[in-house]
Amino acid sequence: MSCKGKCSCRKPSKKKAIITGITGQDGSHLADLLLYLNYEVVGVVRRSSTDTTQRIKHLLGNKNLKLVEGDITDYSSIFNVLKENQDACEFYNLAAQSHVAASFKNPEATWDATCKGCFNVLRAIVDLDLQNRIRFYQASSSEMFGKSYDEDGYAKYQDEKTKFLPQSPYAIAKCAAHEAVRLYRDAYGLHASAGILFNHEGPRRGEQFVTRKITKWIGKFNKFLKRNNILPKDITKSCLDKDCDMIFASGIQESFPKLRLGNIDAYRDWGYAGDYVKAMWLMLQQNRGDDYVICTGESHSIREFLEEAFKCIEISDWYNYIIQDPQFYRPAEVDYLRGKNFKAGSKLKWKPETTFKQLVTMMVEHDIKNS
Ligand code: NAP
Ligand code: GDD
């Protein structure tokens with residue numbers, strides 16, 4: 001992929017990219033990819049009283065990685081990061097308050113990080129007159145579709161033409177940021193792309209998202225089985241009673257809490273985060289900025305995820321091990337997401353490389369190994 005842009009860094013010398021959200025799941029995978037591609041990476045990290053660099057621990061000694069302090073909600077800190085790195089040719093805005101359920105409890109903080117943060121970057125780019133020198137990526141989301149879908153006679157789907165009908169403060173903030181990207185592309189000629197990414201997961205996924213919550217629980221439960229030298233068949237039916245929230249096995253003292261979940265009937269188009277960051281990078285290598293849906297094209301319910309995940313520890317009656325807890329239901333739900341990645345396939349030549357089964361197995365195996 002050759003660089004045909006006007007920016008000075010599109011010469012043979014090393015390219016520099018700025019990533020906000022580098023300590024998150026996607027930021028860490030993107031940093032892996034860009035460093036592998038021989039970029040200099042500037043990661044924006046917000047100040048914290050605890051260490052947030054767990055996911056990029058393996059990269060901390062890399063001489064091409066520099067971490068700088070900055071908060072996406074604070075215009076001046078983003079302005080300064082850009083001012084000090086005006087030779088950067090790519091800016092990936094991945095920072096956000098990304099938990100949908102949390103956004104109902106903290107709508108303003110979600111708005112600030114998820115929408116205002118995007119505006120702060122766009123504004124700083126223009127204020128520093130960098131719009132012809134830097135390419136911008138915004139982490140848009142399939143959550144923006146909410147309850148909206150199109151139908152192709154065979155099944156429901158969402159693609160770049162599907163209208164948005166957001167169902168959470170998070171999704172509303174993402175929609176506004178998405179529109180801001182379009183505006184800056186049109187108004188200032190900025191090479192700006194928005195990746196409308198469907199859910200993507202992996203061993204680095206935050207532990208409060210449903211997939212990782214399930215695989216983490218399985219990892220710990222498997223450890224409980226091993227510690228007590230018992231097999232799933234030793235767990236008696238009566239102990240798996242619907243009204244009981246603990247799991248017991250005959251002949252042992254220790255018990256284990258059941259997995260507490262909310263709505264398990266929602267469907268998601270789940271892919272692997274390591275595959276999806278390649279699409280982010282590809283978007284910024286195109287001649288023009290644009291919007292792209294990134295997904296697998298397959299949709300599975302949380303029930304199906306549970307089925308597949310519990311299979312890894314040879315349990316088929318997974319429904320006996322969970323409790324549906326009202327505290328994990330949301331005031332509004334997104335029931336069905338299934339993307340169509342035709343545009344990403346034809347223009348970016350991108351396609352997902354990891355199947356649903358491989359993804360679930362990878363996550364369960366990781367959490368079994370690390371529990
Ligand atoms: P994540 O693991 O929750 O990471 C979010 C990142 O944003 C973290 O590095 C976090 O830093 C940072 N951040 C939050 N508030 C900040 C602030 N005020 N200033 C600076 N940094 C801040 O999310 P992810 O799964 O990697 O997702 C990356 C992006 O893609 C997000 O924008 C998300 O909304 C979007 N997205 C994700 C998916 C998905 O399925 N994963 C799908 C579509 C879109 P700390 O470490 O300090 O908390
Ligand atoms: N988190 C969570 N915890 N979700 C649960 C639980 C639970 O205990 N029980 C059921 N669910 C259901 C949710 O109600 C939702 O329907 C589904 O599981 C997925 O929830 P999450 O894993 O939290 O992901 P999300 O789809 O809401 O949001 C993720 O994907 C978006 C892209 O569509 C996040 O990564 C967003 O940042 C991203 O934009």
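Each ligand, and each atom within it, is numbered from 1 in the order the structure gives.
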If only atom types and distance count, is the side chain of Q158 paired as donor or acceptor with the main-chain N or O of S148 below 3.5 Å?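 The answer is yes, because a donor-acceptor pair under 3.5 Å joins these two groups.
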If we ignore hydrogens and angles and just use 3.5 Å, is the side chain of N341 paired with the main-chain N or O of C295 as donor and acceptor?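 Yes; at least one donor-acceptor contact below 3.5 Å.
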Any chance you could lay out the salt bridge (charged side-chain N to carboxylate O under 4.0 Å, His left out) test for D335 and K156, step after step, and finish with the verdict? CA-CA 11 Å; D335 300 312; K156 298 188 269 188; over 6 Å; no
Consider ligand 1: state whether an atom of it lies below 4.0 angstrom from any non-hydrogen atom of T20.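 False for this residue.
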Check whether any heavy atom of Y170 sits under 4.0 Å from an atom of ligand 1.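 Under 4.0 Å: yes for Y170.
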Considering only heavy atoms of E333, which atoms of ligand 2 have at least one such atom less than 4.0 Å away?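 Numbered from 1, ligand 2 contributes 13 (C), 14 (O), 15 (C), 16 (O).
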Within a distance under 4.0 Å of any heavy atom of Q208, pick out the atoms of ligand 2 and give their elements.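 Close to Q208: 1 (N), 2 (C), 3 (N).
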Hey, looking at atom 39 (O) of ligand 2, which of F328, Y170, F145 has the closest heavy atom?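 Shortest heavy-atom distance from atom 39 (O) of ligand 2: Y170.
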Could you name the option among S168, G262, S98 that has the heavy atom nearest to atom 9 (N) of ligand 2?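 Minimum heavy-atom distance to atom 9 (N) of ligand 2 goes to G262.
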Protein heavy atom at shortest distance from [atom]:
atom: atom 31 (C) of ligand 2; answer: S141 OG, 3.8 Å
atom: atom 31 (C) of ligand 1; answer: L94 O, 3.1 Å
atom: atom 23 (O) of ligand 2; answer: R330 NH2, 2.8 Å
atom: atom 29 (C) of ligand 2; answer: N199 ND2, 3.5 Å
atom: atom 28 (O) of ligand 2; answer: V100 CG2, 3.5 Å
atom: atom 9 (O) of ligand 1; answer: T23 OG1, 2.7 Å
atom: atom 18 (O) of ligand 2; answer: I302 CD1, 3.1 Å
atom: atom 25 (O) of ligand 1; answer: R205 NH1, 3.4 Å
atom: atom 8 (O) of ligand 2; answer: K213 NZ, 2.7 Å

At a non-hydrogen distance cut-off of under 4.0 Å, which region of [X] contacts ligand 2 (side chain, backbone, both, or neither)?
X: H200; value: neither
X: L261; value: both
X: I264; value: neither

Measure the distances from the heavy atoms of K174 to every atom of ligand 2 and state whether one is below 4.0 angstrom.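 Not so, K174 does not reach ligand 2.
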Residue-ligand contact Y329/ligand 2, heavy atom below 4.0 Å: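 Outside the 4.0 Å threshold, so no.
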N or O contact, V210 vs ligand 2, cut-off under 3.5 Å: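 N/O-N/O distance under 3.5 Å: yes.
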